[in-house]
Enquirer: 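Structure incoming, see below.
To find a chain, count down the sequence lines: A is the first, B the second, and so on, and within it residues start at 1.
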Protein chains: 2
Amino acid sequence: MEPRPAAPLPADDPAALVEAVTARLHARGERMTKPRRAVLVALASGPRHATADDVVEAVAAQDATVHRSSVYRALEALSRLGVLQHVHLGHGATTYHVAQPDGGVLHLQCRRCGHVRGAPADLAADLAGRLAADYGFRLDSSHVALSGLCAACAVTAPR
Amino acid sequence: MEPRPAAPLPADDPAALVEAVTARLHARGERMTKPRRAVLVALASGPRHATADDVVEAVAAQDATVHRSSVYRALEALSRLGVLQHVHLGHGATTYHVAQPDGGVLHLQCRRCGHVRGAPADLAADLAGRLAADYGFRLDSSHVALSGLCAACAVTAPR
DNA sequence: TTAGCTGCAAAAGGTTTGCAAATTA
DNA sequence: TAATTTGCAAACCTTTTGCAGCTAA
């Protein structure tokens, strides 16, 4: 269920990604199937982050015979493999992306306009260190999007 | 929709809370109703944080005639008033609590056992400062629960 | 009296599941 | 061949909404 950090994956190269993932699947006695391949191609070709529904649409564009539930199952299987990771947005659906080798990036979501932007994960190093020291809590700063007001909205927002 | 910081509220005293909130509602031409009162009593009497469904149950125990949808509308109305705030948990439903006077607390959720614990919001001061300086992003650190591994789970977890 | 609310019922949005048939290795 | 996965359909869960009637102030 939970993503386990993986060796770098060719996140932007559909063919190479499929190949790399196929090897990992086989190593576990699992299979590379049409839905899984389509999901990987969709995530390697399209926008960095996509909701399950975005993936369903992108997959449908490739192959209309792939069922919605298979996309959900593929997303789950690939996440379990450590190939995909997801980010929870407070307001809005979970988004998926090809796993980042390192700690990944911070996701900043504006609570007003909903826009999400990335930021270096090391910005949270101080926080992570304090949480570890004070509570023994190992922060995974890229698993949920941080909420706040983006610069644009902060201008017009009351606070 | 978004909570606006409010003056301190008697979060643990049902009667006092209802009284304080009634005044705020009236000041806006709104009303203290049976569902709203029940929601406030439930949140002031029960656990600090509760999901909408937890509140529905607690309210039902007080008065079975209050409808589920009224609880949702009461939670929304009281949030709009600034009396309640909510926290998004990555895995799991949104939880509601009586608004904290200051920046509130950080919520740390273990991705393994799901347990949530609080921590001082100022632990994120460094991060908030950097996000503001680098991106003009005003972090609301208590609006979403941070994800990671709690101390107990970190012992048995691979990483 | 009269907005502001509620209760009800139905819909909506997102995700999951049981199962027989298809497919991968 | 044999185990893994899929397609389909239905179920689920949480939240939202239209509307007529109720009720707080």
Enquirer: Calculate, to the nearest 0.5 Å, the distance between atoms CZ and CD belonging to B:Arg117 and B:Gln109 respectively.
Expert: 14.0 Å
Enquirer: Does D:dT5 have OP1 or OP2 under 4.0 Å away from a side-chain N or O of A:Thr33?
Expert: no
Enquirer: Is any side-chain nitrogen or oxygen of A:Tyr72 closer than 4.0 Å to OP1 or OP2 of C:dT15?
Expert: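 True: A:Tyr72 side-chain N/O within range (under 4.0 Å) of C:dT15 OP1/OP2.
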Enquirer: Could you check how far CG of A:Leu75 sits from C1' of D:dT6, rounded to whole Å?
Expert: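 For the pair A:Leu75 CG and D:dT6 C1', the rounded distance is 15 Å.
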Enquirer: Contact class for A:Thr65 (heavy atom, under 4.0 Å): base, sugar-phosphate, or nothing?
Expert: sugar-phosphate
Enquirer: 5'-most contact on DNA chain D: B:Lys34 or A:Val71, nearest heavy atom basis?
Expert: A:Val71
Enquirer: Rounded to whole Å, how long is the line connecting atom CZ of B:Arg37 with atom P of C:dC5?
Expert: 13 Å
Enquirer: Any N or O donor-acceptor pair linking the side chain of B:Arg73 to the base of C:dG7 at under 3.5 Å?
Expert: yes
Enquirer: Only one of B:Leu108, B:Leu106, B:Leu149 clears side chain to side chain contact (heavy atoms under 4.5 Å, CB included) with A:Phe137; which?
Expert: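 That would be B:Leu108; it is the only one of B:Leu108, B:Leu106, B:Leu149 passing the side chain to side chain contact (heavy atoms under 4.5 Å, CB included) with A:Phe137.
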Enquirer: Tell me whether the side-chain N/O atoms of A:Ser69 come closer than 4.0 Å to OP1 or OP2 in D:dG7.
Expert: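 So the side chain of A:Ser69 is outside the cut-off, no N or O lying under 4.0 Å from OP1 or OP2 of D:dG7.
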Enquirer: Do B:Ser147 and A:His143 meet the criterion of a side-chain donor-acceptor pair at a distance under 3.5 Å?
Expert: yes
Enquirer: Between C1' on D:dT5 and CG on A:Leu81, what's the gap in Å once rounded to a whole number?
Expert: 14 Å
Enquirer: Please work out if B:Arg36 contacts a base, only the sugar-phosphate, or nothing of the nucleic acid, heavy-atom cut-off 4.0 Å.
Expert: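 B:Arg36: backbone/sugar contact only, no base atoms under 4.0 Å.
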Enquirer: Check the distance between C:dC5's P and B:Met32's CE and give it to me in whole angstrom.
Expert: 11 Å
Enquirer: Starting at CZ of A:Arg28 and ending at P of C:dA25, how long is that distance when rounded to a whole Å?
Expert: 16 Å
Enquirer: Using a heavy-atom cut-off of 4.0 Å across all strands, would you classify A:Ala52 as base, sugar-phosphate, or nothing?
Expert: sugar-phosphate
Enquirer: From the set C:dC5, D:dA25, D:dG7, return the single nucleotide nearest to any side-chain atom of B:Glu30.
Expert: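 When the side chain of B:Glu30 is considered, C:dC5 is the closest of C:dC5, D:dA25, D:dG7.
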Enquirer: Measure across B:Pro35 and B:Val66 and return the closest heavy-atom pair with its distance rounded to 0.1 Å.
Expert: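 Result for this residue pair: CB-CG1, 3.9 Å.
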Enquirer: If each of B:Arg68 and A:Arg68 is mapped to the nucleotide of DNA chain D with the nearest heavy atom, which maps nearer the 5' terminus, i.e. the 5' end?
Expert: A:Arg68
Enquirer: In whole angstrom, what separates B:Asp63's CG from C:dG7's C1'?
Expert: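 Rounded to whole Å, this separation is 12 Å.
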Enquirer: Quick one: does A:Arg31 reach the base of D:dT5 with a side-chain donor-acceptor pair under 3.5 Å?
Expert: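 Absent.
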Enquirer: Counting only side-chain heavy atoms from C-beta out, which of D:dT16, D:dC8, C:dG7 sits nearest to B:His67?
Expert: C:dG7
Enquirer: Anything under 30° is parallel, anything over 60° is perpendicular, the rest tilted; go ahead and classify A:His49 against A:His97.
Expert: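 Because their plane-to-plane angle lies in the 30° to 60° range, the rings of A:His49 and A:His97 count as tilted.
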Enquirer: Find the distance B:His26:NE2 to C:dC5:C1' and express it as a whole number of Å.
Expert: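 That distance rounds to 13 Å.
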Enquirer: Just how far, in rounded Å, is P of D:dT4 from CZ of A:Arg24?
Expert: 21 Å
